[in-house]
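Report on the structure given below.
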There are 2 protein chains.
Amino acid sequence: MEREIIVKKRDAVATRAAILAAAHQRFLRESYDSVGLRDIAGDARVDVALISRYFGGKEGLFRAVVRHDDKPDIFREPKSVDELPAFLAQLVVEDADEDLEKRMEMFVIMLRSASSPKAGAIIRDLVHLDVLGPLSELIGGDQGEFRATMLLSILMGVGVLRTIMMVDGFAPTDDDMAECAERFRCLFAAALTC
Amino acid sequence: MEREIIVKKRDAVATRAAILAAAHQRFLRESYDSVGLRDIAGDARVDVALISRYFGGKEGLFRAVVRHDDKPDIFREPKSVDELPAFLAQLVVEDADEDLEKRMEMFVIMLRSASSPKAGAIIRDLVHLDVLGPLSELIGGDQGEFRATMLLSILMGVGVLRTIMMVDGFAPTDDDMAECAERFRCLFAAALTC
DNA sequence: CGACTAAGTCAACAGGTGTTGATTTATTTC
DNA sequence: GAAATAAATCAACACCTGTTGACTTAGTCG
């Protein structure tokens, strides 16, 4: 009986993508310092050395992860301030829409590794440029930056409690999901008008 | 010329306290995985081995840190729901009161290490028992838990943005600190009534 | 086919991690 | 003062970390 050997075609871009995907999943669940390159390499079924080769090192890999995927360009969409609360509420509550969920993942990755010295610097830049900037610009006014920070605080806080601290106080499981969304819409609106 | 030698008295409880204090400061600024026991030992001017001896290991030390200090018993004080928004706003904005600042430090420590596998478990327990429990009990009602989670989300979010992501959008430096506090009071009140 | 290049493998490195045992030193007790 | 006990030190341990260089293999082009 011959043993079946899986021969993987030699495809640089494919393995690069595999590494990137595996790293995304790992960084989504653990912090930068907790994740080892050998863990990622194992998931991607790839030799460890290839990571340092393709991405220049762990830091480069992390940078590639947070820049590559659907980055949190949530606030780059042409959206008026009026519909912002409802949009954000949907973003927080909604569970079905895969696209929105993908976008929230980037927030989780950022939250998880924000306290690591190396990853933190990368993340801080990303927050200022790609999130806080567009959001405060959208809101506008002299209090735009303040209110943008407030909105982002709520967003981050919900993310922290839910996915990192595993608090299930929001419980969008029941059919009262619409009610939950309405509550968040109200809260976001308050943050804008306070 | 005789070299001055500092002879440290052999005091178990004193060195234990020194280790605890050094660990507190380190965990306040970096994540559980980033901080090394040798860093802490160096700060406390103590041999590394003593840490594992006194606290049973790194995990035990971290547990001692988050349990020992002025734990976030913020919500254990007999406080009515009515004055809760103003109190939380003061907690967020106030910079002078050293006591409140000390209490917020525990939140930062929790946020920093929440994503580390080992420290995360310890923190999650702490959040549920010492923070979320009393807070939702204070608020009461069938929506108490939901609203408690909302309040804590804002609190956590502000902490994340400020001390970890280093976003200075709130800027309580100017004399408009009172205005800033009022904004937060309004936001917390909205979270309670939404 | 043969040469060339790109892709992947292997092993080892240098440095850091938390932890433990044996040892020495100081302090207290008889 | 001598014995006993607690406190602190030292050195080493396995283990894991990211990274690098040399090597082997697969795919391609002439």
Side-chain angles (χ1 to χ4, degrees), chain A residues 4-23 26-27 29-66 112-113 115-122, chain B residues 3 5-23 26-27 29-66 112-113 115-122:
Chain A
E4 188 174 3
I5 300 175
I6 304 172
V7 276
K8 214 179 10 174
K9 264 190 66 181
R10 293 200 164 186
D11 189 346
V13 300
T15 59
R16 223 191 100 102
I19 293 172
L20 219 50
R26 282 280 178 178
F27 287 132
R29 279 161 182 77
E30 283 179 42
S31 74
Y32 179 83
D33 297 302
S34 303
V35 176
L37 290 189
R38 283 170 178 81
D39 301 329
I40 300 174
D43 292 350
R45 295 174 193 281
V46 151
D47 195 283
V48 207
L50 289 182
I51 299 183
S52 288
R53 190 141 308 166
Y54 281 165
F55 297 93
K58 189 180 185 181
E59 210 171 331
L61 173 62
F62 185 79
R63 189 175 279 110
V65 167
V66 295
R112 283 230 128 97
S113 299
S115 291
S116 299
K118 295 176 187 170
I122 300 172
Chain B
R3 168 169 290 240
I5 299 175
I6 304 172
V7 276
K8 213 179 11 173
K9 263 190 68 181
R10 292 199 163 186
D11 188 348
V13 301
T15 58
R16 224 191 100 102
I19 293 172
L20 219 49
R26 282 280 178 176
F27 288 132
R29 279 160 182 79
E30 282 179 43
S31 73
Y32 179 84
D33 297 302
S34 302
V35 175
L37 289 190
R38 282 170 179 81
D39 302 329
I40 299 174
D43 292 350
R45 296 174 191 282
V46 152
D47 196 284
V48 207
L50 289 181
I51 299 183
S52 288
R53 190 140 308 167
Y54 281 165
F55 297 94
K58 189 180 185 181
E59 210 171 332
L61 173 62
F62 185 79
R63 188 174 280 110
V65 167
V66 295
R112 282 230 128 98
S113 299
S115 291
S116 298
K118 296 176 188 172
I122 299 172

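Below, chains carry the letters A, B, ... as their sequence lines are ordered, and counting in each starts from 1. As the structure is a computational prediction, the values presented were derived from the model and not from experiment.
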In whole angstroms, how far is the P atom of C:dT19 from the CZ atom of B:Phe62? 14 Å
Protein N or O to nucleotides 1-7 of chain C N or O, pairs below 3.5 Å:
residue : atom : partner : partner atom : Å
C:dA7   : N3   : A:Arg10 : NH1          : 2.7

What are the two closest non-hydrogen atoms of A:Leu37 and A:Lys58, and how far apart are they? CD2-CG, 3.8 Å
Given side-chain contact (heavy atoms from CB on, under 4.5 Å), test A:Glu59 with A:Ile122 step by step and report yes or no. CA-CA 9 Å; A:Glu59 210 171 331; A:Ile122 300 172; 4.0 Å; yes
Say you draw a straight line from OG of A:Ser113 to CG of A:Asp33; how long is it, rounded to the nearest 0.5 Å? 7.5 Å
Exercise: do B:Ser31 and B:Ser34 side chains pair donor with acceptor under 3.5 Å: yes
Which donor-acceptor pairs under 3.5 Å do the side chains of residues 40-56 of chain B make with protein atoms, sequence neighbours left out?
residue : atom : partner : partner atom : Å
B:Asp43 : OD1  : B:Arg26 : NH2          : 3.4
B:Asp43 : OD2  : B:Arg26 : NE           : 2.7
B:Asp43 : OD2  : B:Arg26 : NH2          : 3.3
B:Asp47 : OD1  : B:Ala49 : N            : 2.9

What is the distance, rounded to the nearest whole Å, between atom CD of B:Glu59 and atom P of C:dG18? 12 Å
Roughly, in whole Å, what's the span from CG in B:Leu37 to P in C:dT19? 6 Å
Can you pull the contact range of chain B along DNA chain D, 5' to 3', using atoms under 4.0 angstrom from its heavy atoms? D:dA6 to D:dA12
Once the angle between the rings of A:Phe27 and A:Tyr32 is folded into 0 to 90°, is it parallel (under 30°), tilted (30 to 60°) or perpendicular (over 60°)? parallel
Figure out the CD1/C1' separation between B:Ile40 and C:dG18, and round it to whole Å. 11 Å
Do the side chains of B:Glu30 and A:Pro117 get nearer than 4.5 Å, heavy atoms only? yes
Relative to the 5' end of DNA chain C, which residue comes earlier, A:Asp47 or A:Arg38, by the nucleotide with the nearest heavy atom? A:Asp47
Separation of C:dG15 atom P from B:Asp39 atom CG, nearest Å, is 17 Å
